[in-house]
Structures are given as C-alpha cells and as structure tokens.
Student: 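Have a look at this one.
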Amino acid sequence: MTSPAATAVAHPNIAFIKYWGNRDDALRIPMNASLSMNLAALSTTTSVEFRCDLQQDDLLIDGQSAAPAALQRVSAFLDIVRERMPEKQHAIIISRNNFPMGAGIASSASAFAALAAAASHAAGLDLDETALSRLARRGSGSACRSIPAGFVEWLPGREDENSYAVSFAPAGHWHLVDLIAVVNRTHKEVGSTAGHALAATSPLQSARVTDCPRRLALCRQAILEKDFAAFAAIVELDSDMMHAVMQTSTPPLLYWEAATVELMHKVRTWRSQGLPVCYTIDAGPNVHILCQQQDVTQVEGQLQQMAAVQAVYRSGAGGGVQLV
Ligand code: DP6
C-alpha cells in the first residue's frame with residue numbers, strides 16, 4: 001500500500017555558540033552544547049511520499065535531480081525512518097529552498113529538519129518535538145536545532161536518547177537580525193561533516209569544549225536580558241574559538257578569505273564607534289552580521305558600500321518546523 005505524501009517547512013539556524021566535533025560521529029552526538037536562532041526569512045519546504053512501486057529513493061532539490069552523494073545521505077537518513085515502518089518502501093522526496101543553494105548559506109539544517117518532519121509523518125509515525133529533534137540530528141547535527149522555535153539550545157547528551165534541542169525563548173522575544181554578507185558563492189572544499197571529524201586533532205579543542213558551558217550560560221543570559229554588548233562579546237569569542245580549532249586541526253582548515261577578515265575588522269570598528277553589531281562565521285567564508293532591528297538600516301547601508309560584499313540576506317528570528 002502507498003501512504004499519503006507529507007510536506008514540512010523548516011528554517012535554517014545560525015549558531016551563536018557553535019557545534020564543532022562529535023563524541024560519536026555516526027550518531028552525531030556533539031562534544032559540546034550549542035545555541036542558535038532560527039532564521040524566519042529563509043526556509044526549506046520538503047515533501048515525502050513512500051511508494052510501493054519504487055526500486056530506490058528519488059530526490060529532487062530545487063527542481064533538479066540531486067547529486068549521488070546527496071541522494072546517498074538522504075537515503076541513509078530515510079533508512080532510520082524505514083526501520084520503524086512495517087513495510088519498507090522507497091520514497092520520492094521533493095525539496096525547495098527559498099534561498100539560493102550557491103549562496104553559501106548552510107542548508108543542511110533546514111533540509112534535514114523538514115525531511116525528518118515530512119518523512120516521519122508520511123511513514124505514519126507520531127513523533128513529539130524531542131523525538132523529531134533527535135531524528136533530525138541523525139541527518140545533520142545542526143538540524144536538531146531547527147525543530148523547536150525561536151532561540152534554541154541543543155542539550156548535547158551522551159546517547160541518542162538525550163541529545164536533542166529545546167527552545168528557551170520564542171522568536172518574538174528579541175528583535176535580533178542576521179545580515180548574511182556573501183563574499184564567495186562557491187561550494188566549500190571541506191564540508192562540516194569532514195570538519196567535525198578533524199576537531200579532535202586540534203590541541204585547542206579540549207579547551208574550547210571545557211569552557212563551553214560558561215560561554216553558553218553567558219550567551220543564554222545575554223539573550224534573555226537582551227543585553228547586546230554582552231551578547232556581542234561572547235558570540236565573537238565563540239566563533240573565533242571554533243575557527244582557532246579549525247585552523248589548528250591536522251590538516252588545518254582555513255575558511256576565511258581576505259574579504260572575511262576585512263568584514264571582521266569593519267564590524268569591530270563600527271562597534272567601537274557606537275554601532276551595536278557583531279559577527280559570527282560558520283564553516284565557510286561568508287559573515288553573519290548580527291544587530292538589533294533598530295540598527296538594521298544603518299548596518300545594511302554600511303555593508304552595501306563594501307566592494308567585497310556580493311549580496312546580503314536578512315532575517316529575524318523564526319519559528320520551528322511545521323507540517324503543511
Ligand atoms: C560550523 O550540522 O552542518 O555551522 O552534522 O555534519 O551536518 P553535520 O554538521 P553541521 O555542522 C554545523 C557546524 C557549524 C556550527 C553550528 O551550526 O553549530
């Protein structure tokens with residue numbers, strides 16, 4: 001029997017306290033807790049239909065047949081869902097992003113959050129938020145943070161059962177805005193999955209992990225108190241510490257380009273001149289510039305004057321995954 005299709009929408013998220021390195025790579029149990037905000041303006045919509053007449057899974061992303069590596073990752077993820085189905089069927093998966101994949105905005109979080117919700121529903125499983133977050137984590141670690149709404153903390157746990165994300169403030173709590181300054185649109189050479197596996201080779205990783213609970217508590221408190229100065233200090237420190245680990249891994253990973261560093265300097269100059277703004281950078285050269293709603297026009301104006309900035313995407317805090 002073929003079951004009805006299900007569709008879900010999820011937002012990517014930007015981490016303020018970063019996830020880098022796993023205790024268990026296969027289960028994606030992270031070495032440290034992390035904290036993020038969902039990005040309302042960006043979304044992935046995915047529908048899944050399990051069918052008895054398919055010989056293999058079929059994946060379309062933004063209207064195109066997916067590359068073999070992407071299909072393999074999605075099929076391996078669907079196998080986890082299929083384990084719980086009485087009849088193991090292959091699926092047609094149709095996924096659309098409202099942001100260009102080539103823009104260097106991480107899409108694996110929204111992709112696996114939407115896929116987890118759509119696939120589990122299509123399979124007839126009734127998962128609560130915790131179970132859904134645990135499932136999404138198996139596809140991409142950061143995807144577990146795109147399940148709950150607003151400002152989210154990933155409780156790292158030590159086993160599959162206790163590694164999932166929870167919301168600690170709704171999207172409307174603080175009008176924080178992420179301006180994503182794109183300086184390079186090409187695909188990164190070493191993706192996050194390969195990067196996580198190198199984290200332990202850096203002598204700085206243990207110091208980063210040990211100090212993480214302190215940074216996370218300060219960041220959560222700054223968000224709850226809407227204290228931008230405290231928030232800026234801890235967010236930049238955490239991003240810099242992750243990149244220090246990346247840069248001192250064997251082999252080393254250097255995601256920054258000249259334009260990335262130029263932006264880091266600019267952000268600090270603007271802040272020293274009184275503009276409340278800070279940066280955070282993921283596993284790529286593009287820079288996420290964070291500010292409060294009342295300062296967006298000024299910050300965006302500054303970014304648009306920079307020759308190195310090819311495009312700017314803007315988003316406030318968003319909700320959690322939703323079935324449609
Ligand atoms: C630098 O969640 O993309 O963005 O589990 O291998 O898919 P996989 O890794 P991923 O790693 C995200 C790394 C990061 C920091 C963060 O989002 O916390």
Side-chain angles (χ1 to χ4, degrees), residues 10-39 42 44 69-70 72-74 76-77 80 97 101 103-116 133-148 151-157 160 163-165 178 180 187-200 202 205 208-209 212 215-216 219-220 234-247 249 253-256 260 279-288 290 315:
H11 304 293
N13 63 75
I14 179 65
F16 301 144
I17 299 295
K18 308 289 191 188
Y19 150 50
W20 198 247
N22 286 314
R23 192 175 294 287
D24 182 328
D25 280 321
L27 288 174
R28 292 186 153 87
I29 310 291
M31 285 302 298
N32 63 278
S34 54
L35 191 157
S36 61
M37 172 180 102
N38 288 342
L39 299 174
L42 310 175
T44 301
Q72 203 188 6
R73 184 167 174 180
V74 163
F77 177 79
I80 302 169
N97 297 304
M101 289 257 281
I105 301 167
S107 55
S108 70
S110 51
F112 282 99
L115 182 62
S133 179
R134 281 172 49 207
L135 176 62
R137 190 199 78 232
R138 302 285 297 275
S140 175
S142 57
C144 78
R145 298 190 310 240
S146 284
I147 299 292
F151 296 86
V152 173
E153 184 177 336
W154 178 1
L155 311 170
D160 173 51
S163 187
Y164 56 88
D178 181 10
I180 307 168
H187 221 70
K188 52 198 175 198
E189 270 168 43
V190 181
S192 335
T193 305
H196 288 297
L198 297 178
S202 165
Q205 170 73 343
R208 191 192 73 89
V209 169
C212 185
R215 295 193 306 282
L216 191 130
C219 188
R220 193 200 300 111
I234 207 70
V235 166
E236 285 188 6
L237 173 67
D238 189 83
S239 174
D240 290 350
M241 285 177 81
M242 179 183 71
H243 284 273
V245 168
M246 292 165 161
Q247 290 164 20
S249 297
L253 299 173
L254 180 58
Y255 288 110
W256 299 346
T260 313
Y279 67 75
T280 186
I281 303 162
D282 282 341
N286 300 323
V287 184
H288 293 253
L290 307 165
S315 182

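Atoms within a ligand are numbered from 1 in the order they appear, just like the ligands themselves. Along the sequence shown, residues carry numbers from 1.
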Student: Can you tell me how far apart NE2 (His288) and CG (Asp282) are? Round to the nearest 0.5 Å.
Tutor: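 So the NE2 of His288 and the CG of Asp282 are separated by 5.0 Å.
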Student: Quick check on contacts: which atoms of ligand 1 are under 4.0 angstrom from a heavy atom of Ser108?
Tutor: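 The list of qualifying atoms is 3 (O).
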Student: Are any of the N/O atoms on Ala283, whether in the backbone or the side chain, positioned under 3.5 angstrom from an N/O atom of ligand 1?
Tutor: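 Min N/O separation from ligand 1 is not below 3.5 Å for Ala283.
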Student: Which of these, Trp20, Tyr19, Trp154, has its nearest heavy atom closest to atom 18 (O) of ligand 1?
Tutor: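 The nearest heavy atom belongs to Tyr19.
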Student: Determine whether the side chain, the backbone, both or neither of Ser34 has a heavy atom under 4.0 Å from any heavy atom of ligand 1.
Tutor: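 None of Ser34 does.
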Student: Let me confirm one number: the SG-CZ distance from Cys144 to Phe112, rounded to the nearest 0.5 Å.
Tutor: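 Nearest 0.5 Å value for the SG-CZ distance: 13.0 Å.
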Student: Indicate, as side chain, backbone, both or neither, the part of Arg73 found under 4.0 angstrom from ligand 1 when only non-hydrogen atoms are considered.
Tutor: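 It is the side chain that gets close, since no backbone atom is under 4.0 Å.
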Student: Are Thr193 and Arg28 close enough, and set up right, to give a side chain to side chain contact (heavy atoms under 4.5 Å, CB included), and what steps lead you there?
Tutor: CA-CA 9 Å; Thr193 305; Arg28 292 186 153 87; 3.3 Å; yes
Student: Suppose we measure from atom 2 (O) of ligand 1 to each protein heavy atom; which comes out shortest, and what is that distance?
Tutor: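 Result: Ser142 OG, 2.7 Å.
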Student: Rounded to the nearest 0.5 Å, what separation is found between the CG atom of Leu39 and the OG atom of Ser110?
Tutor: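 OG of Ser110 is found 9.0 Å from CG of Leu39.
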Student: Which of the numbered atoms in ligand 1 are under 4.0 angstrom from any heavy atom belonging to Ala15?
Tutor: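 So the atoms of ligand 1 that pass are 16 (C), 17 (O), 18 (O).
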Student: So, taking the atom named OH in Tyr19 and the one named OG in Ser36, what distance separates them when rounded to the nearest 0.5 Å?
Tutor: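 The distance works out to 12.5 Å.
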Student: Would you mind checking which non-hydrogen protein atom is closest to atom 9 (O) of ligand 1, with the distance to 0.1 Å?
Tutor: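 Going atom by atom, the protein heavy atom closest to atom 9 (O) of ligand 1 ends up being His196 NE2, 3.0 Å.
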Student: Using side chain to side chain contact (heavy atoms under 4.5 Å, CB included) as the criterion, point out the one residue from Val152, Leu35, Ile14 that pairs with Arg145.
Tutor: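 Answer after filtering Val152, Leu35, Ile14: Val152.
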Student: Counting non-hydrogen protein atoms only, what is the nearest one to atom 17 (O) of ligand 1? Give residue, atom name and distance.
Tutor: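 Ranking protein heavy atoms by distance from atom 17 (O) of ligand 1, first comes Arg145 NH2, 2.8 Å.
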Student: Looking at ligand 1, does any of its N/O atoms fall within less than 3.5 Å of an N/O of Ser192?
Tutor: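 Indeed, backbone or side chain, Ser192 has an N or O that close.
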Student: Nearest 0.5 Å please: distance from the OG atom of Ser140 over to the CZ atom of Phe77.
Tutor: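 Result: 10.0 Å between the selected atoms.
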Student: Provide the number and element of each atom of ligand 1 under 4.0 Å from a heavy atom of Thr193.
Tutor: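 So the atoms of ligand 1 that pass are 6 (O), 7 (O), 8 (P).
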Student: For Ser140, take its heavy atoms, then give the atoms of ligand 1 lying under 4.0 Å from any of them.
Tutor: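 Those atoms are 2 (O), 3 (O), 5 (O), 7 (O), 8 (P), 10 (P).
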Student: Heavy atoms, side chains only, cut-off 4.5 Å: are Arg220 and Ile17 in contact?
Tutor: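 No, side chains not in contact.
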Student: For atom 8 (P) of ligand 1, what is the nearest protein heavy atom, given as residue, atom name and distance?
Tutor: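 Among all protein heavy atoms, the one nearest atom 8 (P) of ligand 1 is Arg28 NE, 3.6 Å.
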Student: So, regarding Lys18 and ligand 1 (criterion: nitrogen or oxygen to nitrogen or oxygen, under 3.5 Å), is there a contact or not?
Tutor: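 No; every N/O pair is 3.5 Å or more apart.
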Student: Do other residues, nucleotides or ligands put more than 12 heavy atoms under 6.0 Å from Gln247 CD?
Tutor: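 Result for CD/Gln247: enclosed.
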Student: Distance under 4.0 Å to a non-hydrogen atom of Met242: what atoms of ligand 1 satisfy this?
Tutor: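 Going through ligand 1 atom by atom, the ones under 4.0 Å from Met242 are 1 (C).
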Student: At under 4.0 Å between heavy atoms, which part of Arg138 makes contact with ligand 1: side chain, backbone, both or neither?
Tutor: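 It is neither part, as no heavy atom is under 4.0 Å.
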Student: How about Trp20 and Ser192: do any of their side-chain heavy atoms sit closer than 4.5 Å?
Tutor: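 Answer yes - side chains close enough.
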